[in-house]
Amino acid sequence: MTTRELALAAAALGRGAWARRPSLRLLRRAATRDSAERARIRAEKRIWILAGVFALAYGTVGTRMAVLASTEPEEPQVASAIDAPILSTRADIVDREGRILATNLATHALYAQPRQMVDPARAARELAAIFPDLEEAELLRDFTGPRKFLWIRRQISPEQVQAVHDIGEPGLLFGPREMRLYPNGPVAAHILGGAGYGREGVDSAEVIGTAGVERHFDARLRDPERQAEPLALSLDLTIQAAMEEVLQGGMTLMNAKGAAGILMDVHTGEILAMASLPDFDPNTRPPAATSGDPGDSPLFNRAIQGVYELGSVFKIFTVAQALDLGLLNPETMIDTQGPMTWGRFRINDFHYYGAENTVTDVIVKSSNIGTAHIALMIGPARQRAFLQGLGLLEPTHVEMTEARTGRPLLPAQWSEISLLTISYGHGVSTSPLHLAAAYAAIGNGGTAVTPSLVHEENREPGPRVLSEQSARQSVDMLRQVVSRGTASLADVPGYEVAGKTGTADKPRATGGYYDDKVIATFAGVFPASDPQYVIVVSLDEPVETSGTEPRRTAGWTAVPVAAELVRRAAPLLGLRPAVEVAAADGVTEPAN
């Protein structure tokens with residue numbers, strides 16, 4: 001192609017490009033309009049979203065203001081490092097008939113915010129007048145010092161609330177509280193235990209159990225889902241009150257240091273009444289003793305924490321086991337000639353009972369020597385296994401935190417001399433509650449029971465530890481102890497009490513035994529013809545002084561107290577006394 005032709009072609013291309021320029025400008029203008037429209041739409045969306053956020057925020061604030069305006073004003077809560085909510089609810093505790101044993105009462109706590117006080121000196125003076133245990137000078141130092149907050153009283157009465165309110169000090173403030181109330185005062189104090197405050201703020205506080213069933217069932221009582229469901233105990237409030245009254249009277253008459261009593265269902269192990277004296281009021285539970293003998297504290301529960309050598313009440317276990325093993329029968333003659341020598345040890349009886357006695361008379365007369373001879377027929381291994389089956393060698397499983405502290409004291413080696421002494425209640429220490437459970441097994445026909453403070457329908461029976469025949473023969477022997485033996489003062493007309501006495505010398509803390517201090521115990525079942533209940537009464541250091549010489553044995557001390565308790569409790573239990581009805585031929589026969 002020549003130079004001229006190239007020039008003409010280039011000119012032609014230039015004219016075509018120039019012809020297309022208006023179309024490109026239109027496309028550019030359209031693209032610009034589309035971009036602006038999209039930007040406008042995005043801006044409108046953002047504005048609407050922002051408007052919605054503002055509307056929601058203002059609505060939330062307005063709703064919260066309306067809620068606050070419609071509720072009662074309350075004080076701000078003290079900051080807590082624990083994020084978990086404070087649960088102030090606690091379920092009631094009732095007896096087997098639904099009568100209130102423990103409940104809650106609305107009250108107030110009193111606290112101060114010194115920075116808001118107008119006249120700290122007057123506030124300190126007035127508070128000291130209302131609460132005599134507070135020191136005016138100490139209060140004034142707190143009110144004028146650097147503290148921003150201080151508790152004054154964890155709980156106050158309605159009268160005290162009004163008195164503080166009348167001071168008119170804006171820096172004295174009240175916080176709502178629920179306090180634990182025991183409307184029956186000291187009745188069943190050791191069983192209930194008591195409660196106090198755990199975590200707390202100005203508008204609520206945890207009420208937590210400190211002892212007894214309050215502590216054992218603390219989680220269940222504090223469960224919000226079960227707040228409306230009372231915890232039903234096996235106790236009968238009327239029988240519990242009667243027991244405590246009788247024990248207090250007996251303790252006074254017998255000049256005893258302390259007393260314990262138990263009334264239990266022989267079939268279920270449910271405890272209808274259990275008391276320990278001296279006692280306390282759980283509404284004002286005293287502090288725990290930090291020195292001295294724990295047994296001297298009113299907080300000490302002698303019924304389950306007091307482990308003692310209980311003496312001759314153990315003899316029926318030796319005889320019952322021998323009967324069950326087929327080693328003898330109630331009329332078998334037993335050597336009771338004394339003293340019985342075993343190595344360097346000598347075993348004697350309280351009185352001389354003759355060279356021989358029947359097994360029944362060994363129990364009726366309470367012969368240590370006769371019982372020891374029977375134990376030799378059994379042997380240490382079998383004796384230990386039988387007592388283990390009765391629950392006498394480990395802590396009871398009753399529903400109290402103190403139960404695990406009532407651990408029986410056993411010999412380091414269960415030797416033959418241990419076999420002999422344990423057969424009549426020395427050489428092993430148990431609590432009155434252990435004893436009650438073991439006697440219940442004899443009274444109910446031979447099945448072990450687990451002591452319980454919870455009322456439960458259709459409780460499953462325990463394992464069999466004794467044949468029905470052996471249990472029946474044992475109860476018959478116990479009945480004869482009351483009708484013609486050492487427990488004759490327990491023969492309450494109409495109620496067929498069967499039981500056994502036990503008097504054991506009290507051990508010294510430094511070793512050995514006191515000559516003039518004993519633990520006197522009576523354990524039994526009633527009515528003997530069809531046992532329904534077991535009763536145990538134990539007195540610490542009793543002395544009966546109505547005669548010319550002081551008498552300390554259980555027959556003179558624990559037995560009369562137990563008889564009065566049966567006399568008072570049996571009608572409350574619905575037991576009708578057996579009465580004698582004249583027959584046609586002039587012979588009398590018992591009838592219910």
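Because only heavy atoms are used, hydrogens play no part in the values below, and waters and symmetry mates are left out as well, while side chains stay in. Because the structure is a prediction, the values reported are computed rather than measured.
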Distance in Å, [X] [atom1] paired with [Y] [atom2], rounded so as to fall on 0.5 Å steps:
X      : Y      : atom1 : atom2 : result
Ile535 : Leu565 : CD1   : CG    : 4.0 Å
Leu253 : Met251 : CG    : CE    : 11.5 Å
Asn104 : Arg177 : CG    : CZ    : 13.5 Å
Ile191 : Gln240 : CD1   : CD    : 4.5 Å
Ser234 : Arg96  : OG    : CZ    : 6.0 Å
Ile93  : Tyr182 : CD1   : OH    : 6.5 Å

(request) Step by step, work out the ring-ring contact (aromatic ring centres under 6.0 Å, His included) result for Phe300 and His190. (result) CA-CA 8 Å; Phe300 186 74; His190 285 95; 8.6 Å; no
Applying side-chain hydrogen bond (donor to acceptor under 3.5 Å, both in side chains), can you list everything that pairs with [X], at least two apart in sequence or on another chain?
X      : value
Asp515 : none
Glu460 : none
Asp296 : Lys257

(message) I'd like to check the side chain to side chain contact (heavy atoms under 4.5 Å, CB included) partners of Arg215; sequence neighbours left out, ordered by chain and number.
(response) Thr401
Which atom pair, heavy atoms only, marks the closest approach of [X] to [Y]?
X      : Y      : value
Asp265 : His267 : OD1-N, 2.8 Å
Phe143 : Ala112 : CE2-CB, 3.8 Å
Leu393 : Pro408 : C-CG, 3.8 Å
Ala102 : Glu214 : CB-OE2, 3.8 Å
Asp236 : Glu97  : OD2-CG, 4.5 Å
Ala260 : Leu247 : C-CD1, 3.8 Å

Do any N or O atoms from the side chain of [X] and from the backbone of [Y] form a donor-acceptor pair under 3.5 angstrom?
X      : Y      : result
Arg552 : Asp516 : yes
Glu244 : Ala188 : yes
Gln305 : Asn301 : yes
Arg285 : Gly193 : yes
Thr210 : Gly194 : yes

(message) Tell me every residue that passes salt bridge (Lys or Arg N to Asp or Glu O under 4.0 Å) with Arg141, counting only those two or more places apart in sequence or in another chain.
(response) none
(message) Applying salt bridge (Lys or Arg N to Asp or Glu O under 4.0 Å), can you list everything that pairs with Asp281, at least two apart in sequence or on another chain?
(response) none
(request) State plainly whether the residues Arg407 and Glu394 are in salt-bridge range, i.e. N to O under 4.0 Å. (result) no
(request) May I ask you to say whether Asp540 pairs ionically with Arg302, meaning some side-chain N is under 4.0 Å from a carboxylate O? (result) yes
(message) Would you call the rings of Phe174 and His108 parallel, tilted or perpendicular, taking 30° and 60° as the class edges?
(response) perpendicular
(message) Against Glu206, only a single residue in Arg199, Arg90, Arg154 fulfils salt bridge (charged side-chain N to carboxylate O under 4.0 Å, His left out); can you say which?
(response) Arg199
(request) Could you check if a side-chain atom of Asp92 sits within less than 4.5 angstrom of a side-chain atom of Leu231, using non-hydrogen atoms only? (result) no
